[in-house]
Amino acid sequence: MSIKLIAIDLDGTLLNDNKQLTEANIAAINAASKIGVNVVLCTGRPITGIQRYLNQLDLINEKEYAITYNGALAQTLTGETLIKHTLSFEDYLTAEAFSRKIGVHFHVDGKNHIYTANKNISTYTVGESFLVEMGLRYRAVNEMDPNLEMPKVMFIDDPKVLSKARDQIFAKFQDNFSVVQSEPYFIELMPQNVSKGNAVTELAARLNLTLDQVMAIGDQGNDLSMIKAAGTGVAMENAIDEVKQNAQFITANNNESGVAKAIQKFVLEK
């Protein structure tokens with residue numbers, strides 16, 4: 001069955017190590033879009049963090065979509081929300097207190113800003129603020145707005161610090177939340193059943209597509225669910241082992257336009 005929807009992770013997949021789109025990836029995506037394939041960027045970032053790349057892509061379908069916050073939000077590029085899941089203020093309080101207990105930096109991704117109660121703000125939080133183009137705000141716990149929409153919160157620290165705390169974080173939260181490690185320095189906490197795979201599945205259903213008509217391309221733990229869900233799961237050569245083990249195909253790495261090679265093989269040549 002021909003592929004009608006391509007779900008593509010951003011960092012470590014579509015983007016090279018300089019956080020840039022390669023000309024080959026742009027050309028392949030444009031070619032797929034022109035024959036009617038929906039190209040959906042699926043990322044842990046908010047929409048602000050992918051806008052610059054969307055502006056570089058010539059997506060011509062009548063409606064295009066983005067899945068952000070690892071599946072907590074799916075929307076059209078014109079702003080229509082299709083899927084939205086958020087954490088409660090009580091969830092925030094529990095996670096923030098646990099981060100202090102285990103000595104790991106912590107922040108919240110809101111709709112328009114990143115918030116942290118860490119007076120000594122992590123350099124990784126500062127980097128994330130620049131990466132996703134959202135302002136960074138210090139807010140003590142008692143200053144946080146209980147009505148703030150929070151698609152996800154993040155345990156974020158030096159990989160050596162985070163690796164020591166990883167098992168504790170998963171043990172504490174995995175039964176009642178969706179927990180993924182998206183980078184060596186990120187562990188992300190979202191509402192239960194939120195994942196890229198579930199968001200891709202729901203979006204495909206809305207478009208009257210079967211999962212056999214979906215190709216997913218990724219490299220990290222937060223991509224695993226969509227690699228498993230899609231009829232064609234593609235791992236980057238630079239992907240973690242678990243993603244490679246669950247993929248049907250391994251393409252070139254993110255610095256060698258592996259996305260373009262996968263689109264050429266499974267979409268354009270078909």
Side-chain angles (χ1 to χ4, degrees), residues 9 11-12 42-46 67-73 83-110 114-125 127-128 139-142 144 146 148-201 218-229 233 235 239-247:
D9 170 56
D11 297 291
C42 296
T43 178
R45 300 187 187 199
I67 292 171
T68 54
Y69 297 111
N70 285 322
L73 184 67
I83 302 168
K84 183 171 71 172
H85 303 283
T86 57
L87 295 163
S88 71
F89 188 64
E90 289 71 24
D91 296 334
Y92 159 75
L93 293 175
T94 299
E96 195 282 331
F98 191 72
S99 73
R100 283 185 281 113
K101 179 180 177 181
I102 61 175
V104 171
H105 283 89
F106 180 85
H107 72 231
V108 175
D109 275 13
I114 292 174
Y115 299 86
T116 182
N118 301 137
K119 286 186 177 180
N120 296 323
I121 299 175
S122 169
T123 55
Y124 292 93
T125 291
E128 177 75 352
R139 291 289 185 273
V141 173
N142 62 0
M144 284 290 285
L148 180 70
E149 286 192 358
M150 293 180 279
K152 70 175 183 178
V153 298
M154 300 174 69
F155 297 88
I156 179 168
D157 220 312
D158 182 275
K160 292 180 180 178
V161 173
L162 204 58
S163 66
K164 292 180 180 178
R166 185 184 189 279
D167 289 348
Q168 295 180 73
I169 294 169
F170 274 78
K172 172 72 173 177
F173 295 105
Q174 65 184 352
D175 289 344
N176 298 305
F177 297 89
S178 178
V179 189
V180 294
Q181 182 157 12
S182 55
E183 295 286 354
Y185 40 83
F186 291 159
I187 294 179
E188 309 189 24
L189 185 70
M190 296 155 295
Q192 195 169 38
N193 298 322
V194 164
S195 69
K196 290 185 180 183
N198 286 346
V200 167
T201 298
D219 72 305
Q220 286 293 326
N222 59 330
D223 302 316
L224 184 60
S225 62
M226 70 175 184
I227 295 290
K228 289 181 175 180
I240 62 173
D241 288 343
E242 191 174 7
V243 170
K244 289 180 178 179
Q245 290 162 5
N246 283 277

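Note that the structure is predicted; figures quoted are calculated from it, not measured.
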Which pair of heavy atoms, one from G221 and one from I240, lies closest together, and at what distance? N-CD1, 3.6 Å
Which pair of heavy atoms, one from A239 and one from G218, lies closest together, and at what distance? CB-O, 4.1 Å
Is it the case that the side chain of D157 and the backbone of L162 share a donor-acceptor pair, with hydrogens and angles ignored and the cut-off at 3.5 Å? no
Taking NZ in K172 as the centre, count heavy atoms belonging to other residues, nucleotides or ligands within less than 6.0 Å. Is the count above 12? no
Rounded to the nearest 0.5 Å, what separates atom NE2 in H85 from atom CG in L73? 9.5 Å
So do H107 and I121 actually touch side chain to side chain, heavy atoms under 4.5 Å? no
Show me the donor-acceptor pairs within less than 3.5 Å that the side chains of residues 174-184 make with the rest of the protein, sequence neighbours left out.
from, atom 1, to, atom 2, distance (Å)
S178, OG, V194, O, 2.6
Q181, OE1, R166, NE, 2.7
Q181, NE2, E183, O, 3.2
Q181, NE2, P184, O, 3.4
S182, OG, E188, OE2, 2.4

Nearest 0.5 angstrom please: N222 CG to K152 NZ, how far? 8.0 Å
Only distances under 3.5 Å count here; give the side-chain donor-acceptor pairs of residues 87-102 to other protein atoms, sequence neighbours excluded, each with its distance to 0.1 Å.
from, atom 1, to, atom 2, distance (Å)
S88, OG, E90, N, 3.4
S88, OG, D91, N, 3.0
S88, OG, D91, OD1, 3.3
S88, OG, D91, OD2, 3.1
D91, OD2, S88, N, 2.9
T94, OG1, E90, O, 3.0
E96, OE1, R100, NE, 2.9
E96, OE1, R100, NH2, 2.9
E96, OE2, R100, NE, 3.0
S99, OG, E96, O, 2.6

Under 3.5 Å: donor-acceptor pair, side chain of N246, backbone of K228: no
Please report the closest heavy-atom contact between Y69 and G110, naming both atoms and the distance. OH-O, 2.9 Å
Return the CG to CE distance between N70 and M226, rounded to the nearest 0.5 Å. 9.5 Å
V104 to F155 - nearest heavy-atom pair and separation: CG1-CB, 4.0 Å
Nearest-0.5 Å distance, OG1 of residue T125 to OH of residue Y185: 12.0 Å
Closest non-hydrogen atoms of G233 and A247, given as atom of the first, atom of the second and distance, are O-CB, 3.4 Å
To the nearest 0.5 Å, tell me how far M190 CE sits from M154 CE. 9.5 Å
Any idea which heavy atoms bring S195 and N198 closest together, and the distance? OG-N, 3.0 Å
Nearest 0.5 Å please: distance from the CD atom of E242 over to the CG atom of D223. 11.5 Å
Ignoring hydrogens and angles, tell me if any N or O in the side chain of K196 forms a donor-acceptor pair with the backbone of D9 under 3.5 Å. no
Side-chain (H105) to main-chain (N120) donor-acceptor, under 3.5 angstrom: yes
Kindly determine whether Q220 and V243 satisfy side-chain contact (heavy atoms from CB on, under 4.5 Å), including the steps that lead there. CA-CA 7 Å; Q220 286 293 326; V243 170; 5.8 Å; no
Counting N and O atoms only, with roles assigned by atom type, does the side chain of T116 sit under 3.5 Å from a partner on the main chain of R139, one being a donor and the other an acceptor? no
